Structure formats: C-alpha cells, structure tokens
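Written out below as structure tokens is the structure these notes cover.
Small disclaimer: the values here were computed from a predicted structure and weren't measured.
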Amino acid sequence: MPEQQNTNGCTEESCAGCAHADSCSSKKEDFREPENKYSSIKKVIGVVSGKGGVGKSLVTASLARMMREKGYTVGILDADITGPSIPKMYGIHEKARGTEEGILPCIAKDETRIMSVNLLLEDESAPVIWRGPIIAGVVKQFWTDVMWGDIDYLFVDMPPGTGDIQLSLSQEVPLTGAIVVTTPQDIALMDAKKGLVMFEKVNVPILGIIENMATHICSKCGHEEHIFGEGGAKKMAEQYGVKLLGEIPLDINIRLSMDKGEPIVEAAPDSKGAQVYKEI
C-alpha cells in the first residue's frame, strides 16, 4: 500500500525535521510519563516473560547484581504487583519511606535501589487483591513518584503475560529494550513468543532471549541433563532474528542463594549459573 499523506503532504515516516511536526495530524501520540524530578535514569531494561514461573525475577535480580559488580548504579522497579519477589531475593524486609517530594526506594546491601509493593504493605505476605486500573496506577507511581536518583540501569521486573500492565509500561516508560525469559519446553516458548511479538509491535527493541532451566545439574555428581527439552530458545532466537543471551542451568545453588536473599552471582560466584550471568 502507498504511504498515507496528510493535508500538509507529509507521510508518517517523515516527521523528523518537519516544520509541521508539532501540529501534524500524522504525528503519533506520545504517552510517555516524565520520571520523578529527583531521578536521572540512563537506561531502562524490561525483563519480560510470557508466563509465570520461568525465573524472570531471578534473572532480573542476577543481572542487576552483575551490573553493580561492574560499578554501575542500578535500580529495580518491581512491576509484578500481585507476585512481588525482588525484596525477598535481596533480603529486604524494611518499608519504603516517603517525603513531600516523593518515595524513597529501599537500598540493598550492595546499594541496588529497589521499589516493590511489598515495601509498602504492612504485611508483606498479604495478597494484593486489586483490580487492573489500580495496579496500573501503582506501577506508574513507581516511575513518576519514586526518587531514584542517578541511575545507570533501571531493571523493570515485568508481570508475566501481555495485558494492560505490560502495554502501559511499554507506552508510558521509555524502555531502552526488553529481555525475554523462557524455559525450554514448548508451552513456555509459545507464551514467550507472544511476549516478544507484543513488545516488537509497540516498538520496544528486543535485546535478546535468556533460557532459564536449560539443563539440570545433579548436586551429587554434576551430571547435566536437558529435562525440560533442548534448544528451544535457540530456535526461537533464530526465528525472530534476536540474540540468545545465555542458557542458565537448574542448579540447587540458585535456589539456596535466593532463599538466603543473595543473588547467585554473589552467593556462589564460581557456580556455573553465576558464570553464565557473567557471560550475559
């Protein structure tokens, strides 16, 4: 089909530098919300999954920890409102504080700045029984009302799926790119593909795919086995022309470290799981 032209003779693809750019009917509406005035965030990385239980929060926490080790200032916006787990993974149980200027994120022992609904609830084990518009409003406030300070990388732990929250975040927050997390089995890959395509449709660059639970490592003998299937994420990456960033094993050290409130790259830096994160 030929490109659509407006009354000024412009096309949707040629707005840059146009004298009519501010009033042009072809100009796409910008829904992005400004960050808090006490925030200066260089890159915003969304960590996404098509379904729950694939280790998206684990990946978020581990990547954030690796960037801290490299000397960057890092924050995590826990947008998984009904299933928040980032504070637990960092061993944080304190409550966030607010001032007249905004909300102060909690600071982990490695100085990662974290905001999660669990840091606002009186009882962190209480379920969040809120409707979609309220959840969307809280996530938006985590961007506009939290005083993040100077941040090199803000990781956003997205809720699973392709619903209202994911769409709102992709439109309202200036995402630098998204990392898709999946496991090898076909049912997880099917949902992961939906998430990847959704973010492509809203013009969020896909930085790559991470396959979690790629192999099982026996805690007794070290034998590795592809118990959930093999090569699924690699085929998906080839199909969509994106990078396969890494394949993370199912390792008991990962579970133990998370239960202790320490990312695997800190608790067991010599483990294979930690080595994969360093490569990523």
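Looking at heavy atoms from C-beta onward, Val197 lies out of side-chain contact with Thr162 at the 4.5 angstrom threshold. Side-chain contact between Tyr90 and Ile76 is present, with at least one heavy-atom pair separated by less than 4.5 Å. Residues Ile179 and Leu63 are in side-chain contact: their nearest non-hydrogen atoms beyond the backbone lie under 4.5 Å apart. Pro105 has its side chain out of reach of Ile114: every pair of non-hydrogen atoms, C-beta onward, lies at least 4.5 Å apart. Between Gln166 and Leu169 the shortest side-chain heavy-atom distance does not fall below 4.5 Å. Side-chain contact between Ile165 and Met158 is absent, with no heavy atoms from C-beta onward closer than 4.5 Å.
When atom types are taken as modelled, the side chain of Lys88 and the backbone of Gly261 share no donor-acceptor pair closer than 3.5 angstrom. Looking at Gln141, its side chain never comes within 3.5 Å of a backbone N or O of Val146 through a donor-acceptor pair. When atom types are taken as modelled, the side chain of Thr82 and the backbone of Val128 share no donor-acceptor pair closer than 3.5 angstrom. Under the 3.5 Å distance criterion, the side-chain polar atoms of Trp148 are matched with a main-chain donor or acceptor of Phe142. Panel note: side chain Ser62, backbone Val59; no donor-acceptor pair is recorded below 3.5 Å. In this structure, the side chain of Trp143 engages the main chain of Glu33 through a donor-acceptor pair within 3.5 Å. Within the 3.5 Å criterion, the main-chain N or O of Ala188 finds no donor-acceptor partner in the side chain of Thr183.
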Which is it for Glu262 and Lys109 under the salt bridge (Lys or Arg N to Asp or Glu O under 4.0 Å) test, yes or no, and what are the steps along the way? CA-CA 10 Å; Glu262 296 178 349; Lys109 65 180 182 180; 3.2 Å; yes

Pair Met67, Phe155 - check side-chain contact (heavy atoms from CB on, under 4.5 Å), show working. CA-CA 10 Å; Met67 298 310 287; Phe155 289 90; 3.8 Å; yes

Give the intermediate values and the outcome of side-chain contact (heavy atoms from CB on, under 4.5 Å) for residues Met115 and Leu77. CA-CA 5 Å; Met115 178 49 62; Leu77 190 162; 5.6 Å; no

Taking it one step at a time, do Ile264 and Ser271 satisfy side-chain contact (heavy atoms from CB on, under 4.5 Å)? CA-CA 8 Å; Ile264 181 69; Ser271 67; 3.6 Å; yes

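Connection of Ile81 to Ile134 is established within a shared hydrophobic cluster, with ILVMFWY side chains joined at heavy-atom distances below 4.5 Å, either directly or through further cluster members. Connection of Met190 to Phe199 is not established within any shared hydrophobic cluster, with ILVMFWY side chains joined at heavy-atom distances below 4.5 Å, either directly or through further cluster members. Linking Ile, Leu, Val, Met, Phe, Trp and Tyr whenever their side-chain heavy atoms come within less than 4.5 Å puts Val265 and Tyr72 in one cluster. Hydrophobic clustering (ILVMFWY, side-chain heavy atoms < 4.5 Å, transitive): Val117 and Ile86 are in distinct clusters. Note on Ile248: it does not cluster hydrophobically with Val180, by side-chain heavy-atom contacts below 4.5 Å among ILVMFWY residues.
For Leu121 against Lys95, the heavy-atom pair with the smallest separation is O-NZ, 2.6 Å. Ala79 approaches Val139 most closely through the heavy-atom pair O-CG2, 3.9 Å. The two residues Ile151 and Gly75 have their closest heavy-atom pair at CD1-N, 3.8 Å. Of all heavy-atom pairs spanning Leu175 and Ser170, the tightest one is CD1-CA, 3.9 Å. For Gln275 against Asp270, the heavy-atom pair with the smallest separation is NE2-CA, 3.9 Å. The two residues Leu189 and Pro184 come nearest to each other via the heavy atoms CD1-O, 3.1 Å.
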Contacts table for residues 45-52: side-chain donor-acceptor under 3.5 angstrom, sequence neighbours left out:
residue, atom, partner, partner atom, Å
Ser49, OG, Lys51, O, 2.9

Would you mind writing out the side-chain donor-acceptor pairs for residues 207-223 within the sub-3.5 Å range, not counting sequence neighbours?
residue, atom, partner, partner atom, Å
Glu211, OE2, Ala233, N, 3.0
Asn212, ND2, Val54, O, 2.9
Thr215, OG1, Glu224, OE1, 2.8

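In this structure, OG1 in Thr112 is found 6.0 Å from CZ in Arg68, a value given to the nearest 0.5 Å. Atom CD1 in Ile41 sits 5.0 Å away from atom CG in Leu154 (nearest 0.5 Å). In this structure, CG on Asp145 lies 12.0 Å from CG on Leu104, to the nearest 0.5 angstrom. The distance from atom CD of Glu238 to atom CE of Met236, rounded to the nearest 0.5 Å, is 12.0 Å. Distance check: Glu124 CD to His93 NE2 gives 5.5 Å after rounding to the nearest 0.5 Å. The structure places OG of Ser39 at 8.5 Å from CE of Met147, a figure rounded to the nearest 0.5 Å.
In summary, of the residues considered (Asp157, Asp80, Asp78), a side chain to side chain donor-acceptor pair (under 3.5 Å) with Ser116 occurs for Asp78 alone.
Within a 6.0 Å sphere centred on NZ of Lys201, other residues, nucleotides and ligands contribute 12 heavy atoms or fewer. The environment of Asp110 atom CG is dense: over 12 non-hydrogen atoms of other residues, nucleotides or ligands sit within 6.0 angstrom. No more than 12 heavy atoms of other residues, nucleotides or ligands sit less than 6.0 Å from atom NZ of Lys235. For Asp123, the CG atom counts as densely surrounded, since its 6.0 Å shell holds more than 12 non-hydrogen atoms of other residues, nucleotides or ligands.
Salt-bridge formation is not detected for the pair Lys140/Glu172: no Lys NZ or Arg NE/NH1/NH2 atom is positioned less than 4.0 Å from an Asp or Glu carboxylate oxygen.
Every residue was checked against the side-chain hydrogen bond (donor to acceptor under 3.5 Å, both in side chains) condition with Glu266, not counting sequence neighbours, and none meets it. Take Phe228 and apply the ring pair (Phe, Tyr, Trp, His ring centres under 6.0 Å) test, not counting sequence neighbours, and it matches no residue. Not counting sequence neighbours, the partners of Asp259 by the side-chain hydrogen bond (donor to acceptor under 3.5 Å, both in side chains) test are Arg255. Residues satisfying the ring pair (Phe, Tyr, Trp, His ring centres under 6.0 Å) criterion with Tyr240, sequence neighbours excluded, are absent altogether.
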